[in-house]
Amino acid sequence: MISSQTRSDAQVLWDHHLMHHDPRPCSVAVGLGSHDLGVADAAVSLYRRGMTPLIVFTGATSRTTRARMPRGEAVHYQERALGLGVPGSAVLVEPRARNTGENIRFSRALLEEAGVDASSVLLISKPYEERRAHATARKLWPGVEFVSASDPITFEEYLASIQDDRLVIDMLVGTLQRLLIYPAQGFMAADPVPGEVAAAYERLSRAGFTSRLIADGAGAHR
């Protein structure tokens, strides 16, 4: 059972991870690979609304996607989008990225190679990855306007959709840790964490939601 304090602290982290940007038309959309097909659905919705003429899906596989997305995250996203009626000409696939930094760098290179002017980018991720993705993109892709987007879903709705509360809260905690430590490692732009958010993170860490933490605050950029 998840206690009321844990649920409240997790809600604080969820709210912080959201950038609360209003979607607006951009040169291209970049959908960051993950276990969540909601990223592909959000990209399709934005494409249908005329927010972008082109979608890049980026991602290989990870320990959480290897079984459910054996052909790679970007490929499964592409298949989802095509199945929902997006024309193949409007989708590019970047199948090699294994972390957020590679998502950004490899997508940038793919678009440059294709001759696409990416002066503005709709950066589409899981809801709780919005802030991390935005900070990473600002560091690795300067001179571009980024608009964060995700599936418009509440925390409680997301828990119900994943049906694994502990996994989701572990993810929230792990993502917050990266916001704290990655700027000093050069992986992302600095994005200050308010005191109440840091306190919620510390309580959740002490409560054992640690499976996605990087030991000793160091390690691979994932």
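These figures come from a predicted structure and were not determined experimentally. If you read the sequence from its start, that first residue is 1, and numbering goes on from there.
In this view, S107 satisfies the side chain to side chain donor-acceptor pair (under 3.5 Å) rule with no residue, not counting sequence neighbours. D41 is linked by a side chain to side chain contact (heavy atoms under 4.5 Å, CB included) to R80, L84, counting only residues two or more places apart in sequence or in another chain. Looking at residues two or more places apart in sequence or on another chain, you find a side chain to side chain contact (heavy atoms under 4.5 Å, CB included) between V147 and H21, R24, C26, L122, E145. S119 is linked by a side chain to side chain donor-acceptor pair (under 3.5 Å) to S27, counting only residues two or more places apart in sequence or in another chain. Partners of F106 under the ring-ring contact (aromatic ring centres under 6.0 Å, His included) rule, at least two apart in sequence or in another chain, do not exist in this structure. Take T154 and apply the side chain to side chain contact (heavy atoms under 4.5 Å, CB included) test, not counting sequence neighbours, and it matches E156, E157. Residues passing the salt bridge (Lys or Arg N to Asp or Glu O under 4.0 Å) test with D165, sequence neighbours excluded: R7. Residues satisfying the side chain to side chain donor-acceptor pair (under 3.5 Å) criterion with R108, sequence neighbours excluded, are E112. S89 is linked by a side chain to side chain donor-acceptor pair (under 3.5 Å) to nothing, counting only residues two or more places apart in sequence or in another chain. Among residues two or more places apart in sequence or in another chain, the side chain to side chain contact (heavy atoms under 4.5 Å, CB included) test is passed with T61 by T65, R66, R98.
Between F187 and Y182, the two ring planes are perpendicular [angle over 60°; tilted spans 30° to 60°]. Relative ring orientation between Y158 and Y128 is described as perpendicular, the plane-to-plane angle rising above 60° on a 0-90° scale split at 30° and 60°.
In this model, a donor atom of one side chain and an acceptor atom of the other lie less than 3.5 Å apart for E129 and T175. Side-chain contact annotation: S148 with E130, donor-acceptor N/O pair under 3.5 Å absent.
Side-chain N or O atoms of H17 include none that pairs as donor or acceptor with a backbone N or O of R132 at under 3.5 Å. Of the possible polar contacts, none joining the T6 side chain to the I2 backbone as a donor-acceptor pair under 3.5 Å is found. At least one donor-acceptor pair closer than 3.5 Å links the side chain of N99 to the backbone N or O of G101.
Counting only residues at least two apart or on different chains, the side-chain hydrogen bond (donor to acceptor under 3.5 Å, both in side chains) pairs with a member in residues 190-205 are D9-R203, R131-D191. Applying the ring pair (Phe, Tyr, Trp, His ring centres under 6.0 Å) test to every pair with at least one member in residues 29-62, sequence neighbours left out, gives these pairs: F57-Y77.
Residue L13 holds its CG atom at 11.0 Å from CG of L18, rounded to the nearest 0.5 Å.
Minimum heavy-atom separation, E79 to R71: OE1-NH2, 2.7 Å.
Between L204 and I169, some side-chain heavy-atom pair lies under the 4.5 Å cut-off.
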